[in-house]
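This report refers to the structure that appears directly beneath it.
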Amino acid sequence: MKALTATPQRRLSTLLTLGLGLSFIASCSSPQQNAEGSGNGGGSGGGSGTVTVLGVITGDQQENLEKALAPFEEKTGIDVVYEGTDAFTTLLPIRVDSGNAPDVALFPQPGLMTEFIANGQMVPITNLVEQEELQAAYPQDWIELATFNGDVYGMWLRAAVKSLVWYNPQEFAEKGYSVPKTWDEMLALSDRIVTDGAAPWCVGIQSGDATGWVATDWIEDIMLRTAGPEVYDQWVAHKIPFNDKSVQTAFETFGNIAANPKYVSGGGVASLSTPYGDAILGLFTDPPRCYLHRQANFISGFVPEGMEPGQQVAVFPLPPINEKFGTPILVGGDIFGVFRETPETKALMEYLTTSQPHEIWAGLGGFLTAHKQVPLSVYPDELTRQQAAILTNADVVRFDASDLMPASVGTGTFWSGAVSYVAGDDVRTVLSDIEASWPEEENQ
């Protein structure tokens, strides 16, 4: 497998478009399907026996990706030429517009694919892989997240689980605390920890230019639990206004924890200056600065060395609020999309529907997959198996809302508005300002 490195460029966020996954862009005209070898996207990469891939995965994880694809290359003789870049959203549209699209792109989220699909520049995965194979590989929620006007355009690789609460089982045992199964139980536990003279939660919202995403992740998780997936979908698609009562409820439920000076280590407003990667460290101090921390699976990279998975660090799913919605899971993920239909890209997509590449990477660590055929036993430690089980057993799966809203809102006013709310601004004013920022063309 040949690996190239792209020169970093300034991030382009204008491709973030409206919709949950791809299925909400139903108003767009149906994309033209690229004929085999023709490539409306102008894909020139790769002659016979080659597949070019442009993606966001770099560094050590790129090495793991290459290991996961190695059996495909060995079996087929097809050379996968992978180019990893942290300027993906800048580089890809330039390549496509110049007639030099890669055969395949590995997108950091499905919303980025929609403009290319609407312009007829991408090939449905269902042109390359049988629908039955996809259904055997992925849960229906994940297939729908990659669906546009009835066709599946994406093949999922990595999954991120965001709806996790981290805790130290050793400290729980010493204090006699139990893992809560419902939101009310979680609040009761929080109150008990306060009574015991400690802060229940560590929250870190500071993230440089991206400050705010921690807060919006919380709000999205709560929105799924209070309003349910259907209203969540309407919110993402702007079928309801951002200042709808259901959104206000989600903000206020978040504020009951994040802005509560008794609940948050250092005080509620202090979370705004706490780096997101530092917040989890409070679980492991002596004595603990906190006992609970909500964050995605990637935060395991910030856990101090020597913490024994399952003994000193573990996770449980953020509990349900309204029992009729079960336990929803907020997710992120990387997804393959095809610009050029060739025998080589077809073979690669067929390989990716099998469990083999997913099992290989899962065994290397730092990886979760939504693939249904991957057993929990392949994950290398108890902590990762816990996360994978939560993903596998999810009642409802939805993609991160802010990543799928127009960029000016999702990574703009939603982020900044959530920060302003935690800082003490009136929730109705915050929500009205976010609503007013929604691009007019998206309101039509």
Side-chain angles (χ1 to χ4, degrees), residues 1-16 43 45-46 50-73 78-96 100-113 116 154-162 207-210 213 275-277 295-303 331-339 345 348-349 351-352 357-371 380 384 387 399-400 403 407 411:
M1 178 175 181
K2 295 185 177 69
L4 306 174
T5 301
T7 302
Q9 298 184 40
R10 186 177 177 183
R11 178 177 174 84
L12 175 69
S13 60
T14 55
L15 291 180
L16 289 172
T50 302
V51 179
T52 58
V53 181
L54 180 69
V56 294
I57 295 173
T58 59
D60 292 342
Q61 292 302 308
Q62 178 175 326
E63 294 180 9
N64 289 344
L65 171 61
E66 292 167 2
K67 291 175 182 177
L69 296 179
F72 166 77
E73 294 181 301
I78 296 171
D79 188 17
V80 178
V81 180
Y82 177 82
E83 182 176 2
T85 174
D86 60 3
F88 179 87
T89 54
T90 301
L91 194 56
L92 181 60
I94 292 173
R95 294 271 184 91
V96 173
N100 189 34
D103 297 326
V104 177
L106 182 55
F107 292 84
Q109 48 105 329
L112 292 173
M113 299 173 66
F116 299 114
M155 178 80 69
W156 290 100
L157 181 61
R158 288 192 303 185
V161 181
K162 299 196 170 192
S207 186
D209 291 342
W213 64 264
Y276 76 90
Q295 189 50 274
N297 63 287
F298 71 82
I299 205 66
S300 61
F302 294 85
V303 172
V331 300
D334 300 315
I335 184 170
F336 283 106
V338 176
F339 283 93
T345 56
L348 179 59
M349 292 302 109
Y351 174 68
L352 291 168
H358 304 264
E359 290 188 25
I360 291 172
W361 199 343
L364 295 171
F367 176 87
L368 294 174
T369 179
H371 200 291
T384 311
Q387 297 166 15
F399 208 89
D400 183 294
D403 281 347
T411 57

Task: Minimal non-hydrogen separation, Y351 against A68, with atom names - done: OH-O, 2.6 Å
- [ ] Look up atom CD in E66 and atom OH in Y82, then write down how far apart they are to the nearest 0.5 Å.
- [x] 8.5 Å
Open item on the list: Counting C-beta onward and ignoring hydrogens, is there a side-chain heavy-atom pair between L348 and I78 closer than 4.5 Å?
Closed with: no
Task: Taking every non-hydrogen atom, the tightest pair across N297 and A160 - done: OD1-CA, 3.3 Å
Open item on the list: I'd like to know if the side chain of Q109 and the backbone of L112 have a donor-acceptor N/O pair within less than 3.5 Å.
Closed with: yes
- [ ] For M155 and L352, work out which heavy atoms get closest and say how close.
- [x] CG-CB, 3.9 Å
TODO: To the nearest 0.5 Å, tell me how far E73 CD sits from L69 CG.
DONE: 6.5 Å
Task: Polar side chain donor-acceptor pair, W361 to T369, under 3.5 angstrom - done: no
Open item on the list: Can you tell me how far apart CZ (F107) and OG1 (T89) are? Round to the nearest 0.5 Å.
Closed with: 11.0 Å
TODO: Compare every heavy atom of H358 with every heavy atom of W156, then report the nearest pair and how far apart it is.
DONE: O-CE1, 3.4 Å
Open item on the list: Counting C-beta onward and ignoring hydrogens, is there a side-chain heavy-atom pair between I335 and F399 closer than 4.5 Å?
Closed with: no
TODO: Specify the closest pair of heavy atoms between P93 and F88, including all atoms of both residues, with the distance to one decimal.
DONE: CD-O, 4.1 Å
Task: side-chain contact (heavy atoms from CB on, under 4.5 Å) between I299 and Y276, intermediate numbers included - done: CA-CA 9 Å; I299 205 66; Y276 76 90; 4.2 Å; yes
Open item on the list: Quick check: do T85 and L54 have side-chain heavy atoms less than 4.5 Å from each other?
Closed with: yes
Open item on the list: The criterion is side chain to side chain contact (heavy atoms under 4.5 Å, CB included); which residues satisfy it with P380, sequence neighbours excluded?
Closed with: none
Task: Residue pair P102 / F339: nearest heavy atoms and the distance that separates them - done: O-CB, 3.2 Å
TODO: Check whether any side-chain heavy atom of I57 lies under 4.5 Å from a side-chain heavy atom of L157, and answer yes or no.
DONE: yes
Task: Listed partners of A296 passing side chain to side chain contact (heavy atoms under 4.5 Å, CB included), at least two apart - done: K162, F298
Task: Side-chain heavy atoms of L92 within contact of F116, under 4.5 Å - done: yes
- [ ] Please examine the side chains of F367 and T384, heavy atoms only from C-beta on, and report whether any two atoms are closer than 4.5 Å.
- [x] no
Task: Side-chain donor-acceptor contact under 3.5 Å, D103 with T52 - done: yes
Open item on the list: Any heavy-atom pair between the side chains of L364 and E63 that's under 4.5 Å?
Closed with: no
Open item on the list: With a 4.5 Å cut-off on side-chain heavy atoms, are F336 and V53 touching?
Closed with: yes
